[in-house]
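Because only heavy atoms are used, hydrogens play no part in the values below, and waters and symmetry mates are left out as well, while side chains stay in. Each residue takes its place number in the sequence, starting with 1.
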Amino acid sequence: MFDVTVIGAGPAGGSAALFTAKAGKKTLVIDDNKSVTKRAWMENHYGVMEISGPDLIEVGRKQAEKFGAEFVTDTVTQIEKSDNGFKVTTNQGSYETKYIIIATGMMTNLAETSGLNVKPGTEPRIKTVFDVDADGKTNIDGIYAAGTVAGVSMHTIITAGDGAKVAINIISELNGERYVDHDILK
């Protein structure tokens, strides 16, 4: 049983996994290795002079793994409510989890098989996004969405921040109090 399962390991999903794992939450990341960020070059990601999309994703993965996040390369086909949270079914198996963060970039295909509400996107080339509130919550309690698929700008710095925001909201809910993660120079 995982505390949080993140679907998608691009900037939004990777950032969410970093925060949940660092907070001590048992975190699984399921990624189909099709992130549009893997084709990107960035010179507008704050704190980084320039970086390729594959390198950005790899650094993010290493950060999340450092704190215990587990990564699986697979495709999620269905999400179902279970007694303790959710069952996430993939092409190769299934996983039990308390919370889900969907961070699938431009893909909302899980809406059809999982009963999640969508709405028209507002970004160029983004036709549909999950219908979420300001905290990233979808219409199904316990399922959140972050990044482009939640209607924020496609820029990696923005999707990464949205993933962090959604993760902090889930951590706060799990802890029963507002969560803050600030490291201090030693």
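Other residues, nucleotides and ligands contribute over 12 non-hydrogen atoms within 6.0 Å of the NE2 atom of His45. Around NZ of Lys81, the count of heavy atoms belonging to other residues, nucleotides or ligands within 6.0 Å exceeds 12. Within a 6.0 Å sphere centred on CG of Asp141, heavy atoms belonging to other residues, nucleotides or ligands number 12 at most. By the neighbour-count criterion of 12 heavy atoms within 6.0 Å, atom NZ of Lys119 is densely surrounded, having more than that number from other residues, nucleotides or ligands. In the displayed structure, Arg178 atom CZ is contacted under 6.0 Å by more than 12 heavy atoms of other residues, nucleotides or ligands. Within a 6.0 Å sphere centred on CE of Met1, other residues, nucleotides and ligands contribute more than 12 heavy atoms.
No path of Ile, Leu, Val, Met, Phe, Trp and Tyr side chains, each step under 4.5 Å between heavy atoms, connects Met107 with Ile126, placing them in separate hydrophobic clusters. Linking Ile, Leu, Val, Met, Phe, Trp and Tyr whenever their side-chain heavy atoms come within less than 4.5 Å leaves Val166 and Ile7 in two separate clusters. Val118 is connected to Val149 through a chain of hydrophobic side-chain contacts under 4.5 Å among Ile, Leu, Val, Met, Phe, Trp and Tyr, so both are in one cluster. Cluster annotation: Ile158 and Val36 are assigned to distinct hydrophobic clusters (Ile/Leu/Val/Met/Phe/Trp/Tyr, side-chain heavy-atom contacts under 4.5 Å, transitive). Tracing side-chain contacts under 4.5 Å through hydrophobic residues (I, L, V, M, F, W, Y), one reaches Phe2 starting from Ile143; they form part of the same cluster.
No side-chain heavy atom of Val4 sits under 4.5 Å from any side-chain heavy atom of Lys26. With contacts defined as side-chain heavy-atom distances shorter than 4.5 Å, the pair Lys137/Asn169 does not qualify. Proximity of Thr108 to Phe130: side-chain heavy atoms (C-beta onward) are separated by under 4.5 Å at one or more points. Contact check for Lys22 versus Asp183: side-chain heavy atoms found under the 4.5 Å cut-off. You'll find the side chain of Lys25 reaches within 4.5 Å of the side chain of Ile171, heavy atoms only. Under the 4.5 Å side-chain criterion, counting only non-hydrogen atoms from C-beta, Ile79 is in contact with Ile102. Between Val88 and Thr97, the closest side-chain pair of non-hydrogen atoms falls below 4.5 Å. Looking at Asp3 and Thr27, their side chains never come closer than 4.5 Å, going by heavy atoms from C-beta outward.
Checking side-chain atoms of Thr37 against main-chain N and O of Gly10 turns up no donor-acceptor pair under 3.5 Å.
A side-chain donor-acceptor contact under 3.5 Å links Ser52 and Asp55. In summary, the side chains of Asn33 and Lys38 do present a donor paired with an acceptor at a separation below 3.5 Å, with no hydrogens or angles considered. Using modelled atom types and a 3.5 Å distance limit, the side chains of Thr90 and Asp74 yield a donor-acceptor pair. Side-chain contact of Glu123 with Thr148: a donor-acceptor pair under 3.5 Å is absent, judged by distance alone. A donor-acceptor contact under 3.5 angstrom links the side chains of Glu173 and Tyr99, judged on distance only.
One distance of note links CD of Glu50 with CE of Met42; it measures 10.5 Å at 0.5 Å rounding. Within the model, atoms OG1 of Thr75 and NZ of Lys34 stand 5.0 Å from one another, a figure rounded to the nearest 0.5 Å. One distance of note links CG of Asn117 with CD1 of Ile140; it measures 8.0 Å at 0.5 Å rounding.
Closest heavy-atom contact between Gly151 and Thr122: O-OG1, 4.4 Å. In terms of heavy-atom proximity, Ala146 sits nearest to Asp162 at CA-OD2, 3.3 Å. Taking both residues in full, the closest heavy atoms of Val29 and Ala17 are given as CG2-CB, 3.4 Å, listed atom of the first, atom of the second, then distance. What you find for Ala16 and Val6 is that their closest heavy atoms are CB-CG2, 4.5 Å. Of all non-hydrogen atoms in Ala103 and Gly13, the two that sit nearest each other are CB-N, 3.5 Å. When all heavy atoms of Pro11 and Leu56 are compared, the pair lying nearest together is CG-CD2, 4.2 Å.
Among Tyr95, Tyr144, Phe86, the single residue meeting the side chain to side chain contact (heavy atoms under 4.5 Å, CB included) criterion with Ile100 is Phe86.
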**Message:** Between Gln78 and Ser114, does the side chain to side chain donor-acceptor pair (under 3.5 Å) criterion hold? Intermediate values first, please.
**Reply:** CA-CA 6 Å; Gln78 188 165 358; Ser114 304; over 6 Å; no
